[in-house]
Amino acid sequence: MNTFTKEEFKNFIIGLCVIFCALLCVGIMKYRHNTWKGAKNTDYTIYATFNRTDGLEIGDKVNMAGIQVGRVEASVLDDDFRATLTLKIQSDIKIPDDSSASIVSAGVMGKKYIEIEPGGSEDYIEANGEFVYTQDAMVLEELIERIISLGKSKRKNINTSNGNYNMEK
């Protein structure tokens, strides 16, 4: 009968501990990503359609006034090639029907989430209703590209005006 030496037994136990810790970490991450602490069976679904949702994922937060009121439950591409998001909202939160939903990020390189700007209407979006007003995600690369092109055009205008000024002397 084969028996392990003390060194082999120690390595075996360390290997089991590493595997157990890795599985535990994966389980915790999966649990935290797919659950929302405030989720109840009475929560209701509303929809928001965007042209682009860059960086937004299923399970991300839906906030109103900086407080989490829901989460992104699903996303599909519609017939017009727009992203329709399914949002699960707490049952005790009523959203005015003239509210807007925007995809924003927490900081420059932060995680994306949906921010709801409540409107002033006394009517509310009902279960399975949809936001009328939405604002797409701003892509950092596009923003930087716009700033650079504005800078280049300013520089070109300054150089052109300086050149014309020098010619008149």
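Index from 1, following the sequence.
- Checked against side chain to side chain contact (heavy atoms under 4.5 Å, CB included), Q135 has the following partners two or more places apart in sequence or in another chain: S102.
- When the side chain to side chain donor-acceptor pair (under 3.5 Å) test is applied to D98, no partner is found at least two apart in sequence or on another chain.
- I93 and L87 fall within a single hydrophobic cluster, where Ile, Leu, Val, Met, Phe, Trp and Tyr side chains are chained together by heavy-atom contacts under 4.5 Å.
- Taking D136 as the reference, N51 meet the side chain to side chain donor-acceptor pair (under 3.5 Å) condition, with sequence neighbours excluded.
- In the hydrophobic clustering, where aliphatic and aromatic side chains (Ile, Leu, Val, Met, Phe, Trp, Tyr) are joined below 4.5 Å either directly or transitively, V76 stands alone.
- A side-chain hydrogen bond (donor to acceptor under 3.5 Å, both in side chains) check over residues 122-133, counting only residues at least two apart or in different chains, returns the pairs T49-E130.
- Between S100 and F131 the shortest side-chain heavy-atom distance does not fall below 4.5 Å.
- Heavy-atom minimum distance, S121 versus P96: O-CB, 3.7 Å.
- S75 places no side-chain N or O within 3.5 Å of a backbone atom of L85 that could act as its donor or acceptor partner.
- One finds the NZ atom of K88 at 8.0 Å from the CZ atom of R71 (value rounded to the nearest 0.5 Å).
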Does the pair D60 and K111 meet the rule for a salt bridge (charged side-chain N to carboxylate O under 4.0 Å, His left out), with working shown?
CA-CA 8 Å; D60 285 346; K111 193 154 179 60; 3.1 Å; yes
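- By the salt bridge (Lys or Arg N to Asp or Glu O under 4.0 Å) test, R52 pairs with D54, E142, sequence neighbours left out.
- Annotation: the span from I89 atom CD1 to M64 atom CE amounts to 7.5 Å, rounded to 0.5 Å.
- Contact check for Y47 versus T45: side-chain heavy atoms found under the 4.5 Å cut-off.
- Taking hydrophobic clusters as Ile, Leu, Val, Met, Phe, Trp and Tyr residues chained together by side-chain heavy-atom distances below 4.5 Å, Y44 shares a cluster with V72.
- Through direct or relayed side-chain contacts under 4.5 Å between Ile, Leu, Val, Met, Phe, Trp and Tyr, I67 connects to no other residue.
- Clustering of Ile, Leu, Val, Met, Phe, Trp and Tyr side chains at separations under 4.5 Å places L77 together with F81.
- Side-chain atoms of E115 come within 3.5 Å of backbone atoms of A65 as a donor-acceptor pair (strictly under, hydrogens ignored).
- Counted within 6.0 Å of NZ on K94, heavy atoms from surrounding residues, nucleotides or ligands total more than 12; the atom is thus considered enclosed.
- Of the charged side-chain nitrogens involved, none lies within less than 4.0 Å of a carboxylate oxygen, so that E57 and K112 do not count as a salt-bridged pair.
- For T5, the side chain to side chain contact (heavy atoms under 4.5 Å, CB included) criterion is met by E7, E8, not counting sequence neighbours.
- Taking CD1 of I103 as the start and CG of L56 as the end, the distance is 5.0 Å to the nearest 0.5 Å.
- Listed by chain and residue number, N63, Q68, Y113 satisfy the side chain to side chain contact (heavy atoms under 4.5 Å, CB included) test with K61 (two or more places apart in sequence, or in another chain).
- Heavy-atom minimum distance, A101 versus I114: CB-CG2, 4.1 Å.
- Considering all non-hydrogen atoms of both residues, P118 and S99 come closest at CA-OG, 3.2 Å.
- Applying the side chain to side chain contact (heavy atoms under 4.5 Å, CB included) test to I144 and every residue at least two apart in sequence or in another chain returns L140, I148.
- Counting only distance, with no hydrogens or angles, the side chain of D78 and the backbone of D80 share a donor-acceptor pair below 3.5 Å.
- Under the side chain to side chain donor-acceptor pair (under 3.5 Å) criterion, T86 pairs with no residue, sequence neighbours left out.
- Between the CG atom of D43 and the OG atom of S91 there is a distance of 5.5 Å, given to the nearest 0.5 Å.
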